[in-house]
Each structure stands twice: as C-alpha cells, then as structure tokens.
Amino acid sequence: MFRKTLAEIALLVGGRVVGDTSIVITGISGIKEAKGGDLTFLANPKYLPLAADTGASAILVGNDVLIEGKPVIQTDNPSFAFSKVLGLIKEYTTPKLMGIHPSAVVHPEAVLGEGVGLGPHVVVEKDARIGRNTVICAGTYIGTKTVLGDNCLIYPNVTVREEVIIGNNVIIHSGTVVGSDGFGYAQVGDIHVKIPQMGTVVIEDDVEIGACVTIDRARFDKTLIGQGTKIDNLVQIAHNVQIGKNCILIAFAGIAGSATIGDNAIIAGQVGVAGHVSVGSRAVVAAQSGITKDVPAGTMMFGTPAEEYKAATRVLAHMKRLPRYAQELKELREKIQLLEEKLGKSS
Amino acid sequence: MFRKTLAEIALLVGGRVVGDTSIVITGISGIKEAKGGDLTFLANPKYLPLAADTGASAILVGNDVLIEGKPVIQTDNPSFAFSKVLGLIKEYTTPKLMGIHPSAVVHPEAVLGEGVGLGPHVVVEKDARIGRNTVICAGTYIGTKTVLGDNCLIYPNVTVREEVIIGNNVIIHSGTVVGSDGFGYAQVGDIHVKIPQMGTVVIEDDVEIGACVTIDRARFDKTLIGQGTKIDNLVQIAHNVQIGKNCILIAFAGIAGSATIGDNAIIAGQVGVAGHVSVGSRAVVAAQSGITKDVPAGTMMFGTPAEEYKAATRVLAHMKRLPRYAQELKELREKIQLLEEKLGKSS
Amino acid sequence: MFRKTLAEIALLVGGRVVGDTSIVITGISGIKEAKGGDLTFLANPKYLPLAADTGASAILVGNDVLIEGKPVIQTDNPSFAFSKVLGLIKEYTTPKLMGIHPSAVVHPEAVLGEGVGLGPHVVVEKDARIGRNTVICAGTYIGTKTVLGDNCLIYPNVTVREEVIIGNNVIIHSGTVVGSDGFGYAQVGDIHVKIPQMGTVVIEDDVEIGACVTIDRARFDKTLIGQGTKIDNLVQIAHNVQIGKNCILIAFAGIAGSATIGDNAIIAGQVGVAGHVSVGSRAVVAAQSGITKDVPAGTMMFGTPAEEYKAATRVLAHMKRLPRYAQELKELREKIQLLEEKLGKSS
C-alpha cells in the first residue's frame with residue numbers, strides 16, 4: 001500500500017510544505033471527491049472556493065497559494081507535481097507483466113531484449129526485435145522485421161505491421177494499427193489500381209498513441225511521428241505524413257497524405273488537414289476546422305476552409321447578425337424609394 | 001425452422017389480426033424484398049403505396065391501418081412489434097456459444113458465473129469476474145479486476161482494460177476499447193508529461209456499444225455510460241465524461257473530457273462536444289455540429305459553433321442569399337450616389 | 001534481390017526507353033529520395049524541375065516528356081506504370097504466408113480452399129468457406145457461414161462476423177469490423193429496444209477496405225460494397241447502405257443507414273451522408289461536407305448542409321467579405337440619413 005508523509009512528497013516534487021509535514025498520504029483524488037488520507041491539487045484558481053471544503057488531507061498548489069485550515073505543498077507546477085505523485089502510486093498498484101506467456105507465438109528468428117513481457121496470444125514475427133523491458137499485451141501482433149525500442153508498453157489487440165521502427169518509451173493503446181497500407185491507387189479508366197506501399201512508419205521516442213488510431217505506411221520512404229508527440233484516440237495519419245516533435249493531435253483528427261505538421265503544433269478534434277499541406281510549428285488548429293493551405297508557424301486557425309482565427313471569428317460574428325443586416329437592407333431600400341419619390345416630386 | 005401462425009404472432013406482439021389468422025409465417029423481410037411466407041411491417045405511412053404490392057403474406061401495421069387484399073396485424077407500435085418477432089426468429093437461427101474454448105486463457109483467480117461462454121483465444125485476467133450467461137467471443141481481452149454483469153454479449157476482438165465495471169445485458173461490438181488511458185498531460189516547457197489515469201469506466205445495464213468505439217478511463221473517479229444508452233460505431237468518449245440514461249450517440253461523435261450529457265439526449269453523427277460542457281437532458285444536437293457551451297435541456301442545436309436550431313437555420317437561409325444581398329447593396333449604393341448628385345444640383 | 005534492365009521494365013509497362021536500355025534497376029523511390037540504381041517517376045509536370053536533379057538512374061514519364069541527361073521510359077500513364085513495377089518488387093520482397101498455423105482454430109465443418117494461409121490465432125467458425133490462395137493473418141476472426149472468395153488478403157486482427165459474403169481479390173486491413181449489427185432500435189417510451197439485424201454484408205470483387213473501418217450488417221437483406229470500390233481507414237458504413245462500383249471513400253466518411261452511393265462516386269474525408277439519401281454516380285463530395293438531400297449524378301458538392309460546389313464557394317467568398325458589407329451598410333445608412341435631413345430642409 002502507498003504511504004508517504006507530506007515531507008516525503010514535497011521532496012519528490014521539489015515543493016515546500018506549509019502546515020504539518022508529518023501528515024500521511026495514502027491516496028490521491030480530485031478536489032471534489034477527495035477524502036481523509038487523500039492528496040489533491042489546485043491548478044486552476046477558479047476552483048479555489050472548492051479548496052477550503054475539500055475532504056483531502058492536503059493540497060498541491062502554486063507557489064503563492066495558501067488555503068486556510070489546510071496543509072499545502074507549494075510548487076511551480078502543481079499539475080505536473082500531481083502527475084509525479086500519481087505515477088508513484090500507479091507503480092505501487094499496477095502489477096507488471098513479466099515473462100513470455102506460453103500461448104505467445106514468437107518466431108525463432110525474432111530477438112527479444114532482457115525483461116521483455118509478452119501476454120497471451122501475442123505474435124512476434126520473423127526478424128522482429130523487441131527492446132529491453134518492453135511489454136506487449138495480449139493479442140497484439142508485431143510484424144516481420146519490425147523494431148521496438150526499450151521500455152515500450154503496447155496494450156492488447158494492437159497491430160504493428162512489418163518493418164515498422166518504434167523508439168523507446170513509446171505507449172500504444174488497444175485497437176491501434178501502425179503500418180497499414182497507404183491509400184494510393186493509379187487511375188486506369190474507371191479502375192483504381194493499387195499502388196503497393198513500399199515504405200514504412202517511424203515512431204520516435206516518448207510518443208503515446210491512443211486507441212483505434214491508424215497510421216499508414218509510406219508509399220516509399222516513411223511516415224514519421226516525431227519525438228514526444230501525443231496522439232488521442234481514433235486519429236488518422238495517412239501515408240508519408242511527417243509530424244514534428246511534441247505535437248498534440250486530438251480525436252478524429254485526419255492528416256491526409258504527405259502533409260507536414262511542425263513541432264509543438266496542436267491539431268484539435270475532428271480537424272482535417274489536406275494532402276501535401278504544411279502546418280507550421282506551434283500552430284494551433286481549432287476543432288472541426290479544415291486546413292486547405294499552408295499554415296504559418298505560430299498561427300491559430302479556424303473554420304472550413306480554415307482562416308486565421310481572429311478573421312474567422314469576426315466573420316462568424318457578422319454571420320450571426322445576418323438576419324438583422326437583411327432587415328436593414330430592406331429598410332434602406334424603402335427609405336431610398338421614398339427619397340426618390342420625394343425628390344422626383346420636389347424637382 | 002421458424003414457423004408460426006398469424007394468430008400466434010398476434011398473441012406475441014399484443015396485436016389483432018385482420019384477415020386469415022391461420023396463415024403461416026416462416027420468415028421476415030423488408031416491404032420491398034418480402035416474398036410468400038414472410039411477415040413485413042409498415043411503420044411510416046409514406047410507404048403505404050408499397051404495401052399493396054408487397055410479396056409478403058402479412059403486414060404488421062398501426063392500429064388504424066388496413067391494406068386491401070392483405071392480412072394485417074394491427075398494433076400500437078408496428079416497429080417495436082416487428083423487433084419482437086425478429087428477436088424470436090434470431091433465437092431460432094443463432095446458435096449460442098457454450099462452454100469455455102480450450103484456447104481461452106483464464107486466470108485461476110478469475111471468477112466465471114454459471115453458463116458463461118468464452119470463445120477461442122479469449123483472455124480473462126486475474127480477479128476479473130464474469131456474470132451468469134455472459135458470452136465473450138473470440139480474441140476478446142478482459143483485464144484484471146474487471147467486472148461484467150449477467151447476460152452480456154461481447155463480440156470478437158474487444159478490449160476491456162483493467163478495473164472496468166460493466167452491468168447486465170450489455171452488448172459490445174468488435175474492435176471496441178473500454179478503459180484506455182484518458183488523454184492527459186502536464187505541460188513542462190515543451191514536453192507533455194503523462195498524467196497517470198487512475199480512475200475507471202462504469203457502464204450501466206442495457207447499454208449497447210458499437211464497433212471500434214473508444215471509451216477512456218477517468219483520471220480518477222469514473223467515466224460513466226448511463227443505463228440504456230446506445231452508442232453507434234466509431235464514437236469517442238474521453239475521460240471523466242458522464243453520459244446519462246437512454247442517450248443515443250451516432251458514429252464519429254466525439255465527447256471531450258469531463259463533458260456531461262443528460263438523460264435521453266441525442267448526439268448525431270460527427271458532432272463534437274467540447275470539454276467540461278454540459279448538454280441538458282432531451283437535448284438534440286444535429287449532425288456535424290460543434291458544442292462549445294452548455295446546452296439547456298430539451299434544446300435542439302446546430303452549427304459550428306452550435307446555436308439553437310431555429311436561429312442557426314435562419315442564419316443559414318440568409319447565407320444562401322448573400323450573393324443577392326451583395327448585389328442589392330451595390331444597387332443601393334448607386335442609387336444613393338444618384339440621389340446625392342440630384343440633391344446637390346437641386347439644392 | 002530485384003534486378004531488371006530498363007529494356008525489361010519498358011516491356012513490362014508497355015513503354016519506350018529513351019536512353020541506355022541496358023541500365024540496371026534494383027529499387028524504386030520518390031523523385032527526391034532516389035539514389036543510383038533506383039527508378040522513379042514523374043506524373044505531375046509541376047515536379048519537372050526536380051527531375052533533372054534526381055539521384056535516380058531512370059525516370060518513368062509521360063509519352064511526350066524528355067529529361068536532359070536522364071534515361072526515361074515513356075508511357076501513357078507513368079503513375080500506373082510505376083505501380084506495376086512496385087508490384088513486381090513487392091512480390092520479390094514479401095514472403096507469402098503459407099499453410100495453417102497450429103494455433104489457428106478452424107471448425108471441422110469449415111471449408112478451406114487450396115493454398116489457403118491462416119496465421120497464428122486465426123479463428124474460422126462452422127460452415128465458413130475460404131477461397132483458394134486466400135491469406136488470413138494472425139488474430140483475425142471469420143464467423144459462422146461467412147464466405148470469402150479466392151486470393152483475398154485479410155490482415156491481422158480483423159473481425160468478419162457471421163454470414164458475410166466476400167468476393168475475390170478483396171483486401172481488408174487490420175482492426176476492421178465487417179458485419180457488426182446495424183444501429184436500429186424501436187422506441188418504446190424512453191427505452192430503445194434493439195431491433196435484431198438479420199441481414200448481412202456483401203463485398204464484391206476487388207474491393208480494398210482500410211484499417212479500423214466498420215461496415216454494419218443490414219436489418220434484413222444486405223449492406224453492399226460494389227466491385228472495385230476502395231475504402232480508406234476509419235470509415236463508417238451503416239446498415240443497408242448500397243455503395244456502387246469503383247467508388248472512393250476517404251477517412252472518417254460516415255454513410256448513414258440505407259443511403260445509396262452511385263458508381264465511381266468520390267466521398268472525401270469527414271463527409272457525412274444522411275440516411276436514405278442517394279448520391280448519384282460520378283458525384284464528388286468535398287471534404288467535411290454534410291449531404292442531406294439527393295445528389296444528382298456527376299455533381300460536385302460542398303458545405304454543411306452541402307450545396308452544388310460553385311454555388312457553395314460563391315457564398316463562401318461573400319461570407320469572407322461580410323465585415324466589409326457590414327461597414328458599407330453602416331455608411332449607406334448614414335448617407336441616407338443625411339439625404340433625408342437635406343431633403344427635409346430643402347422641401
């Protein structure tokens with residue numbers, strides 16, 4: 001069971017206790033649900049009124065925050081500090097998959113690093129290489145010549161096709177498919193003739209990929225997911241897409257063939273990015289937008305087809321007033337008619 | 001083989017035969033495809049002209065409907081009555097999965113209720129509990145400490161992660177993932193640091209979940225799917241979302257983190273609901289809309305960002321007339337110029 | 001290893017070498033990435049400037065194209081010719097799955113054609129029939145009475161439910177679900193009562209289906225995917241949908257129940273087609289559009305709700321000018337007020 005004093009936790013997160021340092025924490029929780037023994041956190045000042053009433057034994061807060069009647073640990077980034085404590089507790093509570101389950105099918109010419117765990121019914125094909133301490137859960141398929149780095153965690157029922165290259169510390173959630181054929185055909189009359197997809201997918205270190213994501217292999221060369229990028233559930237990455245480092249892609253984002261996403265970009269939910277388009281680094285694309293042309297670095301975009309965010313929202317504001325504008329147009333027309341009649345008479 | 005008289009079927013559905021009660025029904029079909037021996041149904045009066053010409057031997061109709069030259073069974077709700085007959089036939093024709101397939105991997109500390117069926121290559125982890133008469137089909141994964149109720153039907157290649165709680169009579173279709181990690185990171189400089197997702201998913205009784213749906217586990221506490229809610233294919237439910245009872249969510253609907261959907265709400269296809277937003281009970285969100293703010297109970301919404309349906313469609317109607325408005329604006333400008341010139345001369 | 005002269009390749013693709021016919025090709029690549037020994041291709045004249053600088057040993061080009069200092073093979077359709085060469089190389093490099101893996105579970109009453117390959121943990125249920133030389137990869141499930149034609153390739157972790165009919169030369173990518181229940185309920189008060197889905201799915205010859213696609217079985221009768229149609233990843237096809245021949249459906253396209261798509265139609269990414277709607281043959285629906293009414297053959301559509309493309313883009317162009325129109329409206333109002341005042345005085 002997890003059991004740490006506030007002093008120990010402050011040490012772990014690099015924070016400072018204000019209050020009784022000997023209080024014992026045995027769990028964590030949200031500010032509303034917390035009870036005695038729990039540690040909670042306050043990242044958003046808007047929840048300050050809830051902090052006084054929380055059942056938690058202590059609160060992780062920002063450097064300048066005090067809660068009357070509650071012990072706190074002050075840190076630079078309470079959200080990050082909290083995630084460190086969460087990680088510690090998760091280690092205590094999650095049993096690690098160890099060893100190779102007898103029902104796993106591992107090709108004799110596959111290479112497994114030290115400490116690899118393979119769940120039931122896992123398949124590892126010929127010449128695949130699995131790095132040290134990587135865990136592959138039940139029913140997952142690893143194709144021929146595919147390489148996984150160290151300390152990866154691949155959840156159940158994932159499919160990684162042949163010749164894919166995956167770095168270290170990569171997490172892939174269930175139902176996801178990496179290395180499916182790109183969607184490419186040559187048109188001959190009305191017939192679509194399949195263009196074999198000879199390339200691969202490269203996933204760099206520290207990437208996390210959600211559930212039921214599809215990442216297609218390149219026509220040739222590679223589809224690339226840059227280091228530290230995090231992909232939500234049900235995202236589509238087409239062939240030859242190049243995604244930079246530390247990007248965020250939210251559910252139902254679809255990136256069409258050969259598009260490029262720069263480092264630290266954010267692609268929100270249900271966004272479509274057209275083929276061969278380039279989205280600059282630190283660009284932000286708002287939900288449900290459709291990107292049809294290159295986006296400069298650092299720009300926020302919105303709409304279908306997307307425009308720069310402020311211009312797009314200005315147009316939206318005017319759109320809502322359209323019924324009023326139409327009415328005004330009618331009134332002006334009548335006034336002009338009156339003026340014309342009057343002027344006709346007066347002249 | 002299925003074989004029932006109209007009299008027997010009328011008894012089953014609580015209806016009244018008008019015509020020969022001894023006619024024998026051996027199958028069911030749509031009104032256009034039906035042939036002799038089939039029962040069909042007429043729910044929408046718009047298809048009345050097809051009814052006279054159907055090859056079916058009899059028709060399930062509303063209480064006040066007669067079809068010349070065709071035996072009918074009149075009921076309050078012909079669509080529901082038809083589904084009852086369908087269910088009966090399905091029972092006759094679908095063999096039930098019985099027993100535990102020898103290739104299934106069941107942890108010795110998992111608990112299986114009476115009458116549980118496990119298909120080939122199913123995995124049931126430690127301390128999982130499966131209720132009576134629940135059927136789990138080939139290749140499906142049930143994680144540690146996960147609980148399934150009675151009479152559930154889990155189709156092939158489903159993934160239910162650890163510590164998930166599922167009620168009775170729940171149906172989950174293939175490729176679906178329940179309990180994947182919520183998409184949560186703490187930002188430290190440019191790096192996204194994973195926040196462990198310590199909560200779970202609770203799915204109440206009588207829920208049906210389509211194929212390739214993703215339902216993330218909560219950061220802490222639970223993601224909730226209320227009793228009787230029906231979820232179509234390829235829907236995304238993020239962490240800590242709370243969905244009420246008897247809701248309908250259509251394909252590609254995406255519900256972002258901590259959003260709340262009230263009872264009996266309908267979320268149509270390709271709709272996005274932003275994080276922390278609340279959609280009231282009996283609200284209806286039209287297809288492809290984007291919900292960015294709270295929706296009052298019983299309200300119909302449309303657009304991106306969504307507005308109340310009538311206001312949104314009024315704006316749309318004006319939008320279509322924009323080319324005409326622009327032309328009128330130009331004409332008024334010219335008329336005013338003429339007036340100005342005239343008035344300048346005349347004054 | 002692949003090794004062919006330009007003369008041999010020209011013969012294969014029905015083209016004409018301009019330059020040294022004895023040059024040996026050992027691989028293929030994109031025009032930018034190519035190196036010595038590679039063949040590349042030039043389909044789009046916009047990349048002509050790259051052609052002179054490519055590291056490739058030869059280039060596949062159109063009939064009238066010459067590249068100074070580079071051997072070329074001229075053909076009618078360089079993109080198609082290139083795909084032929086790709087196919088040849090793929091055959092050299094891809095080992096074919098042969099035989100039945102001992103961990104596959106095949107019902108004794110299933111029928112396997114000559115040359116069928118079944119990967120580890122494949123399940124083939126009772127009365128299923130698999131055609132000659134069809135390959136079914138690891139973890140894939142084939143349901144009771146389902147029929148697959150000859151020369152199909154079903155990738156790992158696919159689910160094909162019971163009684164589905166699949167033609168010859170069909171490719172299905174990982175994570176895809178064919179034959180899940182249609183989303184149909186009869187409303188009884190607030191309760192949604194499941195309507196059993198008794199129909200099936202029919203997939204004709206030469207269809208390719210991407211990863212994590214969902215195709216629901218019909219209520220009765222069949223959901224149909226016509227010959228030669230190609231479906232991208234994460235597409236949803238609802239029950240009773242009828243899709244014609246040689247159609248293209250891009251990622252996140254959602255086709256609602258009983259909709260009809262004509263031959264050679266193109267449905268772009270994130271498009272929604274409403275239930276019971278008919279899209280004509282050779283129609284093109286632009287990305288993110290929402291089709292709410294029938295689309296005539298050959299028409300291009302855009303927007304939500306979608307309109308004919310030119311009308312829709314004309315409205316869009318006016319929308320962008322809304323801030324200017326609003327300003328003009330304001331100016332006209334002021335001018336009219338001045339005129340009214342002037343005329344009031346002058347009269």
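The sequence lines fix the lettering, A, B, ..., with proteins before strands; numbering per chain opens at 1. Quick caveat: nothing in here was measured; it's all calculated off a predicted structure.
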Heaviest contributor of heavy-atom pairs below 4.5 Å to chain C, chosen from B:Ile28, B:Ile248, B:Asp76, is B:Ile248
When only pairs under 4.5 Å are counted, which of B:Ala326, B:Pro323, B:Gly139, B:Ala211 shares the most heavy-atom pairs with chain C?
B:Pro323
Indicate yes or no: at least one non-hydrogen side-chain atom of [X] is less than 4.5 angstrom from one of [Y].
{"X": "B:Tyr155", "Y": "C:Val177", "value": "no"}
{"X": "C:Leu322", "Y": "B:Leu322", "value": "yes"}
{"X": "B:Asn233", "Y": "C:Ser180", "value": "yes"}

Is chain C contacted by the side chain of [X], its backbone, both, or neither, given a heavy-atom distance below 4.5 Å?
{"X": "B:Ser79", "value": "both"}
{"X": "B:Asn246", "value": "both"}
{"X": "B:Ile231", "value": "backbone"}
{"X": "B:Ala251", "value": "side chain"}
{"X": "B:Asn264", "value": "side chain"}
{"X": "B:Arg282", "value": "side chain"}
{"X": "B:Lys245", "value": "neither"}
{"X": "B:Tyr325", "value": "neither"}

Derivation of the side-chain contact (heavy atoms from CB on, under 4.5 Å) call for C:Thr214 and B:His173:
CA-CA 10 Å; C:Thr214 58; B:His173 288 276; over 6 Å; no
Over all heavy atoms of both residues, which pair between [X] and [Y] is shortest? Give the atoms and the distance, please.
{"X": "B:Ala138", "Y": "C:Val123", "value": "CB-CG2, 4.0 Å"}
{"X": "C:Phe183", "Y": "B:Ile250", "value": "CE2-CD1, 3.4 Å"}
{"X": "C:Ala186", "Y": "B:Phe80", "value": "CB-CA, 3.5 Å"}
{"X": "B:Leu234", "Y": "C:Cys212", "value": "CD2-O, 3.8 Å"}
{"X": "B:Arg333", "Y": "C:Glu328", "value": "NH2-OE1, 2.8 Å"}
{"X": "B:Phe82", "Y": "C:Phe220", "value": "CE2-CE2, 3.1 Å"}

C:Gly175 backbone acceptor or donor facing B:Asn157 side chain under 3.5 Å:
no
Can you tell me if B:Glu340 uses its side chain to pair, donor with acceptor, with the backbone of C:Leu339 under 3.5 Å?
no
Which one wins on heavy-atom pair count under 4.5 Å against chain B: [options]?
{"options": "C:Ile191, C:Leu338, C:Val271", "result": "C:Val271"}
{"options": "C:Thr140, C:Thr292, C:Asp216", "result": "C:Asp216"}
{"options": "C:Asp181, C:Val158, C:Val193", "result": "C:Asp181"}
{"options": "C:Met319, C:Lys335, C:Gln187, C:Arg161", "result": "C:Arg161"}

Quick one: what part of [X] sits under 4.5 Å from any heavy atom of chain B, side chain, backbone, both or neither?
{"X": "C:Val273", "result": "neither"}
{"X": "C:Val178", "result": "neither"}
{"X": "C:Asn240", "result": "neither"}
{"X": "C:Ser289", "result": "backbone"}
{"X": "C:Lys194", "result": "both"}
{"X": "C:Val315", "result": "both"}
{"X": "C:Arg321", "result": "neither"}

Testing C:Val122, C:Val105, C:Val124, C:Val106 one by one against B:Pro120 for a side chain to side chain contact (heavy atoms under 4.5 Å, CB included), which residue passes?
C:Val105
side-chain contact (heavy atoms from CB on, under 4.5 Å) with C:Arg129: which residues, sequence neighbours excluded?
C:Val111, C:Val147
Holding to side-chain hydrogen bond (donor to acceptor under 3.5 Å, both in side chains), I want the full list of residues that pass it with B:Thr176, two or more places apart in sequence or in another chain.
none
side-chain contact (heavy atoms from CB on, under 4.5 Å) evaluation trace for C:Asp221 with B:Lys32:
CA-CA 10 Å; C:Asp221 206 10; B:Lys32 282 192 259 187; over 6 Å; no
The salt bridge (charged side-chain N to carboxylate O under 4.0 Å, His left out) partners of B:Asp263 (sequence neighbours excluded) come to none
Neighbours of chain B found in residues 304-314 of chain C - heavy atoms under 4.5 Å
C:Thr304, C:Pro305, C:Glu307, C:Arg314
